[in-house]
Amino acid sequence: MAMACHLHHRLLLLFLAVVVLLTATPALAIFHFDFRWDTDSPFSGGSLARHDMWRRAALGSKARHAKTSARLAKALGKGGDITAADVTVTPYTHQGHSLTIGIGTPPQPSKVILDMGSDLLWTQCTLVGPTVVQEDPVYDPSRSPSFSLLPCASKHCEEGTFTSKNCTDRRCAYENYYGVLTATGVLATETFTFGTHRNVSVNLTFGCGKLINGTIAGASGILGLSPGPLSLLKQLAITKFSYCLTPFGDRKTSPVMFGAMADLGKYNTTGKVQTVPLLKNPVEDLYYYVPMVGISLGTKRLDVPAESLALKPDGTGGTAVDSATTLAYLVEPAFTELKKAVMEAVTLPVANKTVDDYPVCFVLPPGMGMDNVLTPTLVLHFDGGAEMALTRENYFQEPSPGMMCLAVVPAPFEGAPSVIGNVQQQNMHVLYDVGERKFSYAPTQCDKL
């Protein structure tokens with residue numbers, strides 16, 4: 001009898017310990033957030049021709065870069081109205097990878113766009129009124145007992161880097177400007193369910209809101225993975241994540257790994273793993289920066305001073321890595337030097353006019369595709385000797401039949417960073433170790449992971 005009571009007591013203690021762990025707040029929860037998402041490409045399931053996919057992605061890249069440029073300019077004290085007047089309001093998903101998550105208890109499906117240039121996880125919800133059209137039913141917090149509004153005095157309301165915020169009925173109301181669209185809402189907490197092969201449920205601060213202009217092409221919201229204070233990474237103390245982007249034209253899923261699953265050594269690569277430091281911008285936390293110091297085309301090192309690519313003490317310049325910007329952006333004189341070198345290296349007629357947002361295009365011979373054109377390898381050089389070698393598919397696109405265009409454009413304003421976009425990262429497994437401040441990468445057949 002005594003033994004039975006002792007066993008019952010031990011089981012009761014074990015049960016209570018499990019309850020404590022499962023109900024702890026994210027900041028105190030004791031678990032390893034190790035899981036994988038398989039994200040959809042911007043054009044998965046569609047019927048667009050490859051040319052149309054590239055052209056739409058380029059337009060979306062311009063729209064997105066207008067958003068990040070405006071936020072960056074504001075952070076750097078250069079004014080927040082940098083957005084070009086001719087930016088077309090383009091569906092946000094035309095350059096971002098998406099996934100479906102579960103929100104609430106029980107989980108309600110919500111398709112969100114992964115965004116390396118913002119930190120807030122938000123979704124449209126019925127609480128704030130009419131919303132724009134989306135593929136999934138609009139999240140209804142009244143159906144979820146785990147939903148709770150956050151007051152203005154909460155830590156996340158005070159720390160959040162919103163375009164603007166105010167207290168309305170003791171709620172933390174916010175507005176975020178995304179360059180070509182604006183989202184408003186209120187901060188709240190809710191249970192989220194993630195994972196492709198293994199589900200994980202956690203409690204997170206998020207935005208319960210809506211778009212008041214613009215569109216995200218059927219998605220419900222955005223999942224920010226920037227270094228900002230409200231990102232999924234900060235809330236769950238995730239120190240590592242990685243992704244491997246498949247080419248748009250393949251219409252295949254792209255894996256995103258978190259925690260212990262984000263380890264390049266666990267997966268097959270087609271080239272060696274290289275590592276460079278992750279730099280911190282002293283002024284803003286919009287981007288992840290890497291120390292690019294030079295550029296080569298083939299065997300020719302371009303005349304680009306390392307200091308022109310450096311991240312400055314005032315937060316200007318530098319080189320950022322972004323998974324949702326399609327085209328690459330280069331500061332001067334790097335862009336001009338690359339343009340000159342490409343025009344010398346490619347033995348095709350230069351087009352008299354550009355295509356949409358591509359500043360340099362070549363005319364392909366009749367009946368010939370870009371796949372048959374020989375181009376030198378574009379090499380990005382980093383401090384410490386690491387190099388990122390880019391093949392033709394990583395820096396050229398064919399946005400219109402018979403036209404092959406450079407997928408690199410000039411940075412939008414003086415002080416803006418150069419950006420390594422998702423075309424440059426396709427079939428490249430990249431790892432962000434935010435704990436150790438390291439960025440690793442290796443060429444990889446991403447659809448094989």
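On a predicted model such as this, the values are computed, not experimentally measured, just so you know.
Taken as a pair, C208 and C125 meet the criterion of an SG-SG distance shorter than 2.5 angstrom. A disulfide is not assigned to C167 and C172, since their SG atoms are no nearer than 2.5 Å.
One N or O on the side chain of S144 and one on the backbone of T105 form a donor-acceptor pair closer than 3.5 Å. Using modelled atom types, no side-chain atom of Q235 and backbone atom of L232 make a donor-acceptor pair closer than 3.5 Å. Using a distance-only test at 3.5 Å, with no hydrogens or angles considered, a donor-acceptor pair links the side chain of D119 to the main chain of L230. Listed for the Q124 side chain is no donor-acceptor partner under 3.5 Å among the backbone atoms of G221.
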> Where do E175 and T184 land on the side chain to side chain donor-acceptor pair (under 3.5 Å) test, with the steps shown first?
Replying inline: CA-CA 4 Å; E175 180 175 280; T184 63; 6.0 Å; no

>> Assess the residue pair C152 and C157 against the criterion (disulfide bond (SG atoms under 2.5 Å apart)); give the C-alpha distance rounded to whole Å, side-chain angles, the decisive distance to 0.1 Å, and a yes or no.
In response: CA-CA 6 Å; C152 283; C157 183; 4.5 Å; no

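Defined by atom type and a distance below 3.5 Å, a donor-acceptor pair is present between the side-chain atoms of D140 and T126. Side-chain atoms of T269 and T444 include no donor-acceptor pair closer than 3.5 Å. For the residue pair T246 and S254, a side-chain donor N or O sits within less than 3.5 Å of a side-chain acceptor on the partner. Looking only at atom types and distance, the side chain of Q425 has a donor-acceptor partner in the side chain of Y243 under 3.5 Å away.
Residues passing the salt bridge (Lys or Arg N to Asp or Glu O under 4.0 Å) test with E135, sequence neighbours excluded: K111.
The aromatic rings of F194 and F192 sit parallel to each other, their planes meeting at less than 30°, with 60° as the upper class boundary. Classified by interplanar angle (parallel below 30°, tilted 30° to 60°, perpendicular above 60°), the ring pair F241/Y432 is parallel.
Residues I238 and V434 come closest through the heavy atom pair O-CG2, 3.6 Å. What you find for K272 and A442 is that their closest heavy atoms are O-CB, 3.6 Å. Listed here is the closest heavy atom pair of G315 and N281: O-ND2, 2.9 Å. Across every non-hydrogen atom of F162 and L120, the tightest pair is CE2-CD2, 4.3 Å. The two residues P417 and Y329 have their closest heavy-atom pair at O-CB, 4.5 Å. Across all non-hydrogen atoms, the minimal contact from Q134 to S220 is NE2-OG, 3.2 Å.
Rounding to the nearest 0.5 Å gives a distance of 8.0 Å between NZ of K234 and OG of S226. To the nearest 0.5 Å, the span separating CE on M257 from OH on Y267 amounts to 4.0 Å. For the atom pair CD of E332 and CD of E337, the computed distance is 9.0 Å after rounding to the nearest 0.5 Å. Summarising the geometry, atom SG belonging to C244 is positioned 11.5 Å from atom CG belonging to L431; distances are rounded to the nearest 0.5 Å. Between Y139 atom OH and E190 atom CD the span is 3.5 Å, to the nearest 0.5 Å. Between atom CE of residue M428 and atom CG of residue L390 there is a gap of 5.5 Å, rounded to the nearest 0.5 Å.
Within 6.0 Å of atom NZ in K165, more than 12 heavy atoms from other residues, nucleotides or ligands are found, so the atom counts as buried in its surroundings. Annotation for K448: atom NZ does not count as buried by contact number, only 12 or fewer foreign heavy atoms lying within 6.0 Å.
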